[in-house]
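Read through the structure below, which is laid out as structure tokens, and then see the notes.
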2 protein chains.
Amino acid sequence: MTVVAGLLADPVRARIVRVLARGPACVCHLVEDLDLKQPNVSNHVRVLRHAGLITGENRGKFTFYHLNHVMLDTAAAQLSELAATAREHAEARRDCA
Amino acid sequence: MTVVAGLLADPVRARIVRVLARGPACVCHLVEDLDLKQPNVSNHVRVLRHAGLITGENRGKFTFYHLNHVMLDTAAAQLSELAATAREHAEARRDCA
DNA sequence: CTGTCACATCATCTTCAGCTGATATCAGCA
DNA sequence: TGCTGATATCAGCTGAAGATGATGTGACAG
């Protein structure tokens with residue numbers, strides 16, 4: 001979860017992920033949709049790919065990136081579980097030394 | 001979601017949140033549990049409080065912090081929805097210009 | 001095999017966030 | 001009132017990460 005949070009913490013990466021949620025796209029799409037410089041996009045894509053949140057598929061001259069929805073689901077489940085734990089222990093008391 | 005992600009992106013803040021998920025705690029607890037300096041903890045707590053992820057309750061000399069589990073649940077739901085969107089459009093095709 | 005296009009990588013700069021020591025504030029108690 | 005302990009705030013340093021221009025690489029067209 002912390003890993004995914006770290007990835008989505010950057011606003012540019014969050015936007016990239018949202019674009020990819022609407023379907024696979026290549027770098028040129030991201031550059032155009034998000035109005036960013038190409039090296040900037042490539043750098044962020046590199047981070048996301050290295051972390052496993054997206055995967056690259058070579059299609060000729062282009063590289064299409066796919067979002068790993070399983071990883072997102074796992075992170076969501078962990079967040080949800082954390083919330084459940086907090087709800088359970090909301091009234092717990094703890095002494096100060 | 002991006003807000004919560006930004007908060008949990010820092011490993012120290014993620015640990016603080018996990019401690020608070022086990023029940024309310026004051027700064028002295030966090031300092032001891034996480035083996036951190038007090039100003040460091042206060043700074044992170046300040047960020048979390050300002051974002052609304054935790055709330056402070058004054059109890060005499062101490063300040064107990066409570067985790068906002070609703071905010072966590074909301075973030076989890078948004079993540080889950082993003083994953084669902086990605087699953088739906090996983091096979092979408094998009095042309096390059 | 002040469003040019004072009006999509007993308008990756010590099011070097012550099014700049015900005016920002018976290019850590020820390022010092023200090024301020026504020027509540028409770030003698 | 002004066003002291004002590006818990007927490008907040010401040011100033012300064014340092015390291016990490018993002019943005020950008022220049023350049024490398026690899027595939028396709030001609």
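Throughout, protein chains are lettered first and strands after them, A, B, ... in sequence-line order, and every chain is numbered starting at 1.
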Write down the distance between [atom1] ([X]) and [atom2] ([N]), rounded to a whole number of angstrom.
| X | N | atom1 | atom2 | value |
| --- | --- | --- | --- | --- |
| F64(A) | dA8(C) | CZ | P | 13 Å |
| R49(B) | dA8(D) | CZ | P | 6 Å |
| I54(A) | dC7(C) | CD1 | P | 12 Å |
| E32(B) | dG5(D) | CD | P | 16 Å |

Touch check for [X], heavy atoms < 4.0 angstrom, all strands: base, sugar-phosphate only, or nothing?
| X | result |
| --- | --- |
| C96(A) | nothing |
| Y65(B) | sugar-phosphate |
| S42(B) | base |

Got a donor-acceptor contact below 3.5 angstrom from the H29(A) side chain to the C26(A) backbone? yes

If only atom types and distance count, is the side chain of R13(A) paired as donor or acceptor with the main-chain N or O of L7(A) below 3.5 Å? yes

Is it true that atom CD of E57(A) has more than 12 heavy atoms of other residues, nucleotides or ligands lying nearer than 6.0 Å? yes

Give a yes-or-no answer on whether the side chains of T85(A) and E81(A) include a donor-acceptor pair shorter than 3.5 Å. no

Across nucleotides 10-30 of chain D, 5' to 3', mark each nucleotide with B, S or - according to how protein heavy atoms within less than 4.0 Å reach it. --------SSBBB-----S--

With sequence neighbours left out, the residues meeting side chain to side chain contact (heavy atoms under 4.5 Å, CB included) with V70(B) are N68(B), T74(B)

Strictly below 4.0 Å, N to O, side chains only: are R94(A) and D33(B) in salt-bridge contact? yes

